[in-house]
Peer 1: 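Can you keep this structure in mind? I'll have questions shortly.
A, B, ... follow the sequence lines: proteins, then strands. Residue 1 opens every chain.
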Amino acid sequence: AQKITQTQPGMFVQEKEAVTLDCTYDTSDQSYGLFWYKQPSSGEMIFLIYQGSYDEQNATEGRYSLNFQKARKSANLVISASQLGDSAMYFCAMREGSQGGYQKVTFGIGTKLQVIP
Amino acid sequence: EPEVTQTPSHQVTQMGQEVILRCVPISNHLYFYWYRQILGQKVEFLVSFYNNEISEKSEIFDDQFSVERPDGSNFTLKIRSTKLEDSAMYFCASSELNRGYGYTFGSGTRLTVV
């Protein structure tokens with residue numbers, strides 16, 4: 001079973017509009033964390049936002065917010081006021097702890113976002 | 001803002017050659033990782049490293065791969081005899097113990113095997 005599911009291979013949004021990128025996850029751990037990364041065409045992985053499983057409030061970072069619904073195991077990324085520079089691939093990812101202390105991160109397949117002027 | 005540094009940003013190598021990808025993790029981090037992303041595919045875990053030994057490795061991380069922390073700052077991934085299918089983006093990451101906010105990726109090394 002997929003641990004991270006991103007069901008939108010591609011999305012379009014008008015500049016200055018808001019967009020929601022979907023992500024659902026599967027884990028039996030009580031302690032875990034969810035990330036969103038942006039990957040522009042240049043290839044680097046840019047951290048956007050993080051939500052811990054015990055965080056009671058939804059994470060926000062500037063124009064990015066994470067809509068965390070724990071019971072539904074979803075962690076959607078909301079980008080407000082889209083800009084042309086937001087056009088990129090977006091990955092949802094999850095860290096799960098281990099008794100050894102290290103944390104492996106599992107990535108989804110990504111959503112390609114294109115912002116239209 | 002502390003960052004994970006990877007060098008080189010792009011490396012081209014001939015099939016069968018050995019390559020070493022270098023990473024400088026964040027200085028107070030204890031756990032180090034390598035991930036791989038074949039073009040157009042998702043990012044895949046390769047290996048985690050703690051206290052000078054491998055904590056976990058994926059099935060991708062076969063005998064052709066090795067990792068090392070040769071000094072107090074560098075963390076390297078060696079591919080012994082490169083194959084065409086090793087062409088990918090390789091990301092290094094480091095983390096503190098159980099802190100998601102501290103989990104940081106480098107900007108990647110694009111390896112092209114010709």
Side-chain angles (χ1 to χ4, degrees), chain A residues 2-10 23 25 27 29-55 59-61 66 68 75 88-112, chain B residues 1-6 8-11 25-26 29-51 53-58 60-61 67 87-112:
Chain A
Q2 294 289 328
K3 289 206 169 190
I4 296 287
T5 303
Q6 294 181 256
T7 56
Q8 306 152 312
C23 173
Y25 61 92
T27 181
D29 282 5
Q30 295 300 308
S31 175
Y32 56 90
L34 297 148
F35 302 84
W36 277 92
Y37 290 92
K38 173 183 176 182
Q39 187 177 45
S41 56
S42 50
E44 70 267 33
M45 200 66 72
I46 301 169
F47 168 79
L48 295 178
I49 199 166
Y50 172 79
Q51 178 89 38
S53 58
Y54 293 119
D55 294 342
T60 59
E61 293 281 353
L66 197 152
F68 181 48
M89 198 74 171
Y90 288 81
F91 291 96
C92 180
M94 176 173 65
R95 68 152 186 91
E96 295 169 285
S98 74
Q99 293 191 354
Y102 68 91
Q103 307 160 71
K104 185 167 67 175
V105 174
T106 304
F107 284 77
I109 61 171
T111 294
K112 185 169 184 177
Chain B
E1 176 108 17
E3 57 181 32
V4 174
T5 306
Q6 288 187 244
S9 56
H10 192 185
Q11 179 149 2
I26 293 173
H29 283 186
L30 302 175
Y31 302 88
F32 315 111
Y33 313 84
W34 283 100
Y35 290 79
R36 180 182 82 174
Q37 184 186 30
I38 294 172
L39 184 65
Q41 298 185 22
K42 67 178 180 180
V43 179
E44 301 171 292
F45 169 79
L46 288 179
V47 65
S48 62
F49 190 87
Y50 169 69
N51 201 25
E53 60 182 26
I54 290 173
S55 310
E56 182 180 347
K57 58 183 180 180
S58 72
I60 303 168
F61 194 87
V67 289
S87 294
M89 194 77 157
Y90 289 82
F91 292 100
C92 174
S94 68
S95 73
E96 300 173 79
L97 172 62
N98 222 19
R99 280 177 53 85
Y101 283 100
Y103 204 110
T104 307
F105 281 83
S107 55
T109 293
R110 188 179 299 278
L111 177 65
T112 303

Peer 1: For B:Phe45, is the NZ or CZ atom of A:Lys104 found under 6.0 angstrom from the centre of its six-membered ring and inside 45 degrees of the ring axis?
Peer 2: yes
Peer 1: Supply the atom-to-atom distance B:Lys42 NZ to A:Met89 CE, rounded to the nearest 0.5 angstrom.
Peer 2: 11.5 Å
Peer 1: Heavy-atom cut-off 4.5 Å, strictly under: side chain, backbone, both or neither for B:Gln37 against chain A?
Peer 2: side chain
Peer 1: Taking the ring of A:Tyr37 and the ring of B:Phe105, is the distance between their centroids below 6.0 Å?
Peer 2: yes
Peer 1: Looking only at non-hydrogen atoms, find the nearest pair between B:Val43 and A:Met45 and report the distance.
Peer 2: CG2-CE, 3.4 Å
Peer 1: Need one label for A:Thr106: side chain, backbone, both or neither, based on atoms under 4.5 Å from any heavy atom in chain B.
Peer 2: neither
Peer 1: For chain B, which of A:Gly110, A:Gly43, A:Gly33 has the most heavy-atom pairs under 4.5 Å?
Peer 2: A:Gly43
Peer 1: A side-chain contact here means heavy atoms from C-beta on lying under 4.5 Å apart; do B:Tyr33 and A:Val105 qualify?
Peer 2: no
Peer 1: Pick one of side chain, backbone, both or neither for B:Phe32, based on which atoms fall under 4.5 Å of a heavy atom in chain A.
Peer 2: neither
